[in-house]
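Chain identifiers are assigned alphabetically (A, B, ...) following the order of the sequence lines, protein sequences preceding nucleic acid strands; residue numbering begins at 1 within each chain. Computed from a predicted model, the values in this text were never measured in an experiment.
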2 protein chains.
Amino acid sequence: MDAQVELFQALGDATRLRLVNLLTQTGEICVCELVDALELPQYNVSRHLQILLKAGWLEDRKVGKWVYYRVARDLKPYHRSLLRAVDQLREEREDFRRDEQRASRRLKLRRGGVCCVGLVSISEGGHTAQRPGTAG
Amino acid sequence: MDAQVELFQALGDATRLRLVNLLTQTGEICVCELVDALELPQYNVSRHLQILLKAGWLEDRKVGKWVYYRVARDLKPYHRSLLRAVDQLREEREDFRRDEQRASRRLKLRRGGVCCVGLVSISEGGHTAQRPGTAG
DNA sequence: CGTTTATATGCATAATAGCGCATGTGAGCT
DNA sequence: AGCTCACATGCGCTATTATGCATATAAACG
């Protein structure tokens, strides 16, 4: 599809807006951390990450069994403007702020700068607690 | 739906991006002029205008049988950032430029600052030539 | 090699979006 | 009143999208 239209379309979804916001606020962050922060099922987060990736919004970096995502670095002016818009949304979006809080708590638990290391149990059931049926 | 998500979603469509671009570039402009500029069927343009209107992007003003649209005036910072992004897209979008050219030709034909007055035939078949079957 | 962990994806389904056609609405003109 | 013009909208269709479930992939670890 039209690459620029795809760019806007990728932001036309609440979950993806939350992801983009979180990624711009926290920098590089891995999928399991995003799952915990957004409190959404892993497959759901993964799907939306793929959409953002394909649209050109994100970069991924694989480290062992983890995948870290971050906002892409080679951005054009219109990308920047769009990211600024997302940032300016923050004031009005409680969900953004809650995501950021949960993410910040989660990121403090990183050991040696690596996600998930030494994590046995965040909530009961471990940090994959957001699998449907386990949480909620 | 979530008002801010709707805002982004409204821009996630080529036709609506073209409309927003044209409206930011030309100011107030009526539906028949937009139809000529975009070379799309009237019902199509009308539909997308309603979507943009509902999303909070546009204002309309009815004058006789015409309806003029313009970009809304009470905009928040994130609206402005988004509009800036659309503007920055212009460089890469031939379609935007073509729309603007056709619009500019069309707008020169206004009489007394009013659209459509004294217009008998722009292209053969009159200025409603974009009805399917008449054009293309 | 089998198992666990982290992530991605095929599939079915439900919801949504865009399009074309036809028609409705409402203003102005005769 | 009847007609035309400018614009909006209901309907049916098709295409796309989001979601949930299950499973695939692939790395790490015993």
Report summary line: Atom NZ of A:Lys54 and atom P of D:dT16 are separated, to the nearest Å, by 11 Å
Query raised in the report: With sequence neighbours excluded, what pairs up with B:Arg80 under the salt bridge (Lys or Arg N to Asp or Glu O under 4.0 Å) test?
Result: none
**Report entry** From CG (A:Leu38) to CG (A:Asn44), nearest 0.5 Å
**Finding:** 9.0 Å
Report task. Please name the residue in the list B:Asp60, B:Thr15, B:Val31, B:Val67 that meets the side chain to side chain contact (heavy atoms under 4.5 Å, CB included) test with B:Leu49. Result -> B:Val31
Query raised in the report: With hydrophobic residues grouped by side-chain heavy-atom distances under 4.5 Å, do B:Leu34 and B:Ile51 end up in a single group?
Result: no
Query raised in the report: C:dA6 P sits how many Å from A:Leu40 CG, rounded?
Result: 18 Å
Could you go over nucleotides 11-15 of chain D and give all protein N or O partners under 3.5 Å, atom names and distances?
none

Query raised in the report: Does the side-chain contact (heavy atoms from CB on, under 4.5 Å) test come out yes or no for B:Ser104 and B:Lys108, once each step is laid out?
Result: CA-CA 6 Å; B:Ser104 126; B:Lys108 284 193 187 119; 3.9 Å; yes
Query raised in the report: Any ion pair linking B:Arg98 and B:Glu39 (charged N to carboxylate O, less than 4.0 Å)?
Result: no
Query raised in the report: Atom CG of B:Leu82 and atom CZ of B:Arg84: how far apart are they, to the nearest 0.5 Å?
Result: 11.0 Å
Report summary line: Interatomic distance, CZ@A:Arg90 vs CD@A:Glu92, rounded to 0.5 Å, equals 13.0 Å
Query raised in the report: Considering all heavy atoms of both residues, which atom of A:Thr24 and which atom of A:Asn21 are nearest to each other, and what is their separation?
Result: OG1-O, 2.7 Å
Query raised in the report: Could you give the CG-to-P distance, from B:Leu49 to D:dA8, as a whole number of Å?
Result: 7 Å
Requested in this report: Grab the CG-P distance between A:Leu52 and D:dT17 for me, whole Å please.
Outcome: 13 Å
Query - Phosphate OP1/OP2 of C:dA8: any A:Gln50 side-chain N/O under 4.0 Å - result: yes
Query raised in the report: Looking at D:dC7, D:dT19, C:dC19, which one has an atom nearest to any side-chain atom of B:Cys32?
Result: D:dC7
Requested in this report: Select base, sugar-phosphate, or nothing to describe what A:Ile51 touches, counting heavy atoms under 4.0 Å on all strands.
Outcome: sugar-phosphate
Report task. Identify, between B:His48 and A:Val31, the residue whose nearest nucleotide on DNA chain C lies closer to the 5' end. Result -> A:Val31
Query raised in the report: Which whole-number value in Å describes the distance from A:Leu53 CG to C:dT9 C1'?
Result: 14 Å
Query raised in the report: Whole Å only: how far is the OH atom of A:Tyr43 from the C1' atom of D:dT17?
Result: 15 Å
Query raised in the report: In residues 56-74 of chain B, what residues come within less than 4.0 Å of DNA chain C, judged by heavy atoms?
Result: B:Gly64
Query - Pairs satisfying ring pair (Phe, Tyr, Trp, His ring centres under 6.0 Å), at least one member in residues 59-99 of chain B, at least two apart - result: B:Trp57-B:His79
Query raised in the report: Between atom CZ of A:Arg105 and atom CD of A:Glu33, what is the distance when rounded to the nearest 0.5 Å?
Result: 14.0 Å
Report task. Not counting sequence neighbours, which residues clear salt bridge (Lys or Arg N to Asp or Glu O under 4.0 Å) with B:Asp99? List them please. Result -> B:Arg18, B:Arg102
Query raised in the report: A:Gln42 CD to D:dT19 P: how many Å, rounded?
Result: 14 Å
Query - Close approaches to DNA chain D from residues 2-25 of chain B, in residue order (heavy atom, under 4.0 Å) - result: none
Report task. Can you tell me the distance, in whole Å, between the CG atom of A:Asn44 and the P atom of D:dA22? Result -> 16 Å
